[in-house]
2 protein chains.
Amino acid sequence: MVSKNQIKLITGLQQKKYRKQHKLFIAEGVKVVQELLNSNFELQELYTTQSVFQGVTTTKIIPVTDVELKKISMLTTPNTCIGVFKIPDEKQIPEKGLIIALDDVRDPGNLGTIIRLCDWFGIEHLICSEQSVDVYNPKVVQATMGSIARVNVVYTSLEEYITNTALPIFGTFMDGENVYTQQLPQEGIIVMGNEANGISEAIAQKVTHKIAIPRFGKLQETESLNVATAAAVILSEFRRNFSGM
Amino acid sequence: MVSKNQIKLITGLQQKKYRKQHKLFIAEGVKVVQELLNSNFELQELYTTQSVFQGVTTTKIIPVTDVELKKISMLTTPNTCIGVFKIPDEKQIPEKGLIIALDDVRDPGNLGTIIRLCDWFGIEHLICSEQSVDVYNPKVVQATMGSIARVNVVYTSLEEYITNTALPIFGTFMDGENVYTQQLPQEGIIVMGNEANGISEAIAQKVTHKIAIPRFGKLQETESLNVATAAAVILSEFRRNFSGM
């Protein structure tokens, strides 16, 4: 049974200001919820039409009907469960290894996909500029497919951060050097830019290594790759290079 | 001025059955519309709040107000124009070069992103199984960012197609061979699977080369990459390999 106040709280969590106020976020669907339950995320409440969850304190489980779930879900075809989790404190970013930095990535699907990529390629820390989309946006959580449980995402002034780092800073530019023919290091910050405008002028000035993914199409009209697919190619190259393959 | 019948026609084109019936599709936004105008796609009508289009027969331009545009747009914040274009006949797929084949890719964003990737990496032909999302779905058209004008997309029985080809058939599997350490050919069909289920059993049996993108994350929980980012890595490897980089 879901109360009116609970419906108000949960649907409110689709908005950033209420997530910030309550320090809570929502995750939908068995797969994502189960991955968060298996991680360090702390469950507040679990609304579910089924009772398939192991390791959850029963007082935190709130059985709901399909009709009730539809009222609190952001999906048109809701899954069987919605978990409300506490937003953890951000962990410090260590000055080592490969780190991805996003310069105002705005699309939830892109951020979610990039988090999934980080997880696959063993990138533990992701820095987001303050204008980037919120990682606890339900669409981002959904697109991570559970990888959000394994990647530390920190919001900060990107300009300040990269001004103070000693690590090399890589960024993708049309006139950058061919990423396939370079020796790529094991440590560094890889900056990925905004969907429409790419890497901003202020950040571009701090980039120490301009790289490019060669274009193989006949025509010159293809302007750019989607930011998540560009990140896929770049991360693949860094990892392949270092592993000597 | 937009008539009631025009509103009905254009909003109807968001659905596949009406696109099929009228042999028309819609594209929104100056960038995508302009790329289609510059290509072989034939314009039926152009609804626009501005008059920025060159090379368009004026009888095809229908000036609209912002309020009218909102009525025919599928976007919550409509752009300045909507083009209605004729769906061209499918072109034959030649038995040469690199070809991407999609085995029931259902998400419009994924198909759009893959078409953009094909354009970047110089893949001219894309085969979709009959259950794959329709390429003229407005969300697909949008996600291609105009690349739809440069990639030939054909719907066919994928099983039949790959049974009859002489080209090698590549597919991504968890237990496939490391894509980084292989000599990849200049010609072949690269099969990408459904978002939830991967490559179907019937198609998997016809794959002649099982490949894998190595996972670098510490944990084994990351199940898979998003299909578009996996396609990005695979295409990057094929092109890098062949260009000898």
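Residue numbers start from 1 in every chain, and the chains themselves are labelled A, B, ... in the order their sequence lines are given, proteins ahead of strands.
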Participant: So, taking the atom named CD1 in A/Ile114 and the one named CG in B/Asn226, what distance separates them when rounded to the nearest 0.5 Å?
Facilitator: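 Spacing of CD1 (A/Ile114) from CG (B/Asn226) equals 11.0 Å.
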Participant: Got a sec: does the CG of B/Asp175 have more than 12 other heavy atoms crowding it under 6.0 Å?
Facilitator: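 Enclosed: over 12 neighbouring heavy atoms sit under 6.0 Å from CG of B/Asp175.
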Participant: Can you tell which part of B/Thr229 gets under 4.5 Å to a heavy atom of chain A, answering side chain, backbone, both or neither?
Facilitator: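 Answer is both: backbone and side chain atoms of B/Thr229 are under 4.5 Å from chain A.
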Participant: As an exercise, state the distance from CZ of A/Arg239 to OH of B/Tyr180, rounded to the nearest 0.5 Å.
Facilitator: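 The CZ atom of A/Arg239 sits 10.0 Å away from the OH atom of B/Tyr180.
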Participant: Counting neighbours of CD on A/Glu177 that are heavy atoms of other residues, nucleotides or ligands and sit closer than 6.0 Å, is the number greater than 12?
Facilitator: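 Atom CD in A/Glu177 is not crowded, with 12 or fewer foreign heavy atoms closer than 6.0 Å.
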Participant: Looking at CZ of B/Phe216 and CZ of A/Arg240, how far apart are the two atoms once the value is rounded to the nearest 0.5 Å?
Facilitator: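 Between B/Phe216 CZ and A/Arg240 CZ, I get 10.0 Å after rounding to 0.5 Å.
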Participant: My understanding is that only residues two or more places apart in sequence, or in another chain, count here; which of them pass ring-ring contact (aromatic ring centres under 6.0 Å, His included) with A/Phe170?
Facilitator: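 Per chain and number, A/Phe170 pairs via ring-ring contact (aromatic ring centres under 6.0 Å, His included) with A/His209, A/Phe238.
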Participant: Per the side-chain contact (heavy atoms from CB on, under 4.5 Å) rule, which among B/Val233, B/Leu225, B/Ile234 passes with A/Ser236?
Facilitator: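 Only one option passes, and that is B/Val233.
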Participant: Check each atom of B/Ile213 against the heavy atoms of chain A and say whether the ones under 4.5 Å are side chain, backbone, both or neither.
Facilitator: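 Contact with chain A: backbone and side chain both.
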Participant: Please assess B/Glu237 against A/Glu237 for the test side-chain contact (heavy atoms from CB on, under 4.5 Å), listing each intermediate value before the final yes or no.
Facilitator: CA-CA 9 Å; B/Glu237 278 306 294; A/Glu237 279 306 294; 3.4 Å; yes
Participant: Mind jotting down which residue pairs meet the ring-ring contact (aromatic ring centres under 6.0 Å, His included) criterion with at least one end in residues 86-109 of chain B? Sequence neighbours excluded, please.
Facilitator: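 Checked against ring-ring contact (aromatic ring centres under 6.0 Å, His included) - neighbours excluded - no pair reaches residues 86-109 of chain B.
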